[in-house]
Student: 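For reference, the structure I am asking about is given below.
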Amino acid sequence: MKRRMTWAGLTVFAMAAAVACTSTDDAAPPAPSPSAAPSTPAPSSAPPPSTPTPTPSATQTTAPPHAVSLQALMTKQYDGRNLRLGRVLARNAAYTRYYVTYSSGSLTISGIMNVPSTPGPHPALVLNHGYIDPAIYTNGRGLMREQDYLARRGYVVLHTDYRNHAQSSDDPQSELDLRLGYTEDVINAVHALRTSQYVDPERIGLLGRSMGGGITYNVLVAQPGLVKAGVVFAPVSSDAIDNFNRWVRNERPIATTILRTYGEPARNPAFWRNLSAVNFFDRVTEPVLIHHGESDSTCPIAWSSETLAALKAAGKNATMYTYPGEEHAFGPAWPTSMARTVSFLKQQGL
């Protein structure tokens, strides 16, 4: 039976899972808690009476997108510079695990990078973890099974810590920006990987789970052509309203603050629409693979079914595997899901 996870319950879930199992501790995200209104571009004022009204043939000025929107991410410039391999965290016969940092705009983002021992350059994947309370998050935490599995199969793996996590720079606006900065950090991670001597810059993909699945959708619509393919496990909804209604709406005072800042979806539909990747699937150019357990009580499988249908309706290459009895974290079916993932990636040239 599906159940609603409250703000407090979701945080407890994330913390308990993180302590119990570091390979499956990604959870769906509790709501951000903004404390002030965002800086929104002021609407253009009407021209003074002496100013002639522009004709349709005259040059028109397009208003900039809302700062908190996927359109804003579409227009940003990214360079992902300064990828630096730091200390060796672990080494085995298959790969070496490094502490790394790279730049995301003005911020420094930490992470880990697994580099295979076989000769390169290698295909590479940016791994996008699900929600783990930043207060307990440590460098490289989340997706530990996937990090190891993929590196042993010849992939350079860059697992980002996101801003405000581990040794990454603090971004006091992150929660107010509804964590769209995480998407920026992943886009810049791809650019950073392209500069690595270990990586084939033309063979980079994304893999995300839970909240990281939603980030993966955001990247695919914000920067089409950036990667060769995207894989998601037990993702959140591609519609921001679904996520808000499930985890945030009944949690006070957080919901009150969000709705005061941005408005109810019914009263400000443009804002919420422009946060939702599903409304921009026409921009996706990469094949997408979705894995979802049929017993997932955190992120309902119906969300992935709806995302798949929307991608198909937009004429995109999308595939979904469902797993009877599997919950959010994946258990017995995990090896099968990973074998399918590698097969899919190889079909895409990764």
Side-chain angles (χ1 to χ4, degrees), residues 26 28-41 64-80 102-109 111 126 128-132 134 137 160-165 168-191 206 208-224 226-227 230 232 235-244 246-248 254-255 257-259 261-263 265 268-281 283-284 307:
D26 308 67
S33 52
S35 57
S39 55
T40 306
H66 192 292
V68 183
S69 69
L70 290 173
Q71 291 101 320
L73 296 185
M74 295 171 193
T75 61
K76 277 183 175 286
Q77 297 297 312
Y78 306 92
D79 57 10
Y102 66 93
S103 296
S104 181
S106 62
L107 305 181
T108 297
I109 305 301
V126 176
N128 309 322
H129 66 81
Y131 179 80
I132 304 171
Y137 181 91
T160 66
D161 290 335
Y162 308 141
R163 59 193 62 194
N164 297 336
H165 289 69
S168 295
S169 298
D170 290 334
D171 176 9
Q173 285 289 114
S174 182
E175 299 299 288
L176 188 59
D177 292 345
L178 299 176
R179 300 184 185 140
L180 284 184
Y182 295 177
T183 300
E184 292 186 52
D185 298 339
V186 172
I187 293 170
N188 279 310
V190 175
H191 285 284
L206 299 176
R209 78 176 316 276
S210 195
M211 180 184 73
I215 293 169
T216 299
Y217 292 150
N218 287 351
V219 174
L220 295 180
V221 302
Q223 297 291 298
L226 179 69
V227 296
V232 295
V236 296
S237 178
S238 54
D239 188 331
I241 299 174
D242 286 339
N243 299 322
F244 176 82
R246 183 165 180 81
W247 288 297
V248 187
I254 295 161
T257 306
I258 291 174
L259 294 174
T261 303
Y262 301 115
N268 189 8
F271 173 81
W272 293 91
R273 181 174 61 247
N274 294 336
L275 284 178
S276 304
V278 68
N279 296 315
F280 302 95
F281 279 166
R283 292 173 52 85
V284 174
T307 292

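Keep in mind that what you see is a predicted model, and the values were worked out from it rather than measured. Computed from heavy atoms alone, side chains included, the values below leave out hydrogens, waters and symmetry copies.
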Student: Checking His129 against Tyr162 for the ring pair (Phe, Tyr, Trp, His ring centres under 6.0 Å) test, could you report, in this order, the C-alpha distance in whole Å, the side-chain angles of both residues, the deciding distance, and whether it holds?
Tutor: CA-CA 9 Å; His129 66 81; Tyr162 308 141; 4.2 Å; yes

Student: Where do Ala67 and Ala72 come nearest, in terms of heavy atoms and distance?
Tutor: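 Between these two residues, the closest heavy atoms are O-CB, 3.7 Å.
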
Student: I'd like to know if the side chain of Asp161 pairs up with that of Tyr137 as donor and acceptor (distance under 3.5 Å, no hydrogens or angles considered).
Tutor: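 Yes, Tyr137 and Asp161 have a side-chain donor paired with an acceptor closer than 3.5 Å.
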
Student: Out of curiosity, Phe280 CZ to Leu73 CG, how far, rounded to the nearest 0.5 Å?
Tutor: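 Phe280 atom CZ to Leu73 atom CG measures 10.0 Å (nearest 0.5 Å).
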
Student: Starting at CG of Asp239, measure out to CG of Asn279 and round the result to the nearest 0.5 Å.
Tutor: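 It is 6.5 Å, given to the nearest 0.5 Å.
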
Student: Between atom CG of Leu275 and atom CH2 of Trp272, what is the distance when rounded to the nearest 0.5 Å?
Tutor: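 Output value for this atom pair is 6.5 Å.
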
Student: Keeping the roles fixed (side chain from Ser169, backbone from Thr108), state whether a donor-acceptor pair exists under 3.5 Å.
Tutor: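 Judged by distance alone, yes, a pair lies under 3.5 Å.
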
Student: Taking the side chain from His191 and the backbone from Ala189, do they hold a donor-acceptor pair closer than 3.5 Å?
Tutor: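 No; judged by distance alone, with no hydrogens or angles, the pair does not exist.
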
Student: Rounded to the nearest 0.5 Å, what's the gap from CD1 on Ile215 to CG on Leu206? Could you check?
Tutor: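 CG of Leu206 is found 10.5 Å from CD1 of Ile215.
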
Student: To the nearest 0.5 Å, what is the distance between CG (Leu178) and CD (Gln173)?
Tutor: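 So the gap between those two atoms works out to 11.0 Å.
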
Student: Please report the shortest heavy-atom distance between Gln71 and Pro65, naming the atom on each side.
Tutor: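 Between these two residues, the closest heavy atoms are CB-CB, 3.6 Å.
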
Student: Within the structure provided, determine whether Leu226 and Tyr78 are in side-chain contact (heavy-atom separation under 4.5 Å).
Tutor: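 No - every pair of side-chain heavy atoms lies 4.5 Å or more apart.
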
Student: Step by step, would you call Ser69 with Asn274 a side chain to side chain donor-acceptor pair (under 3.5 Å)?
Tutor: CA-CA 5 Å; Ser69 69; Asn274 294 336; 5.9 Å; no

Student: Has the side chain of Thr216 got a donor or acceptor atom that lies under 3.5 Å from a matching backbone atom of Gly212?
Tutor: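 Present.
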
Student: Measure the CG-CZ distance between Asp171 and Arg179 for me, rounded to the nearest 0.5 Å.
Tutor: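 If I round to the nearest 0.5 Å, the distance is 12.0 Å.
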
Student: Classify the ring geometry between Tyr217 and Phe281 as parallel (under 30°), tilted (30 to 60°) or perpendicular (over 60°).
Tutor: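 Answer is perpendicular, since the angle exceeds 60°.
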
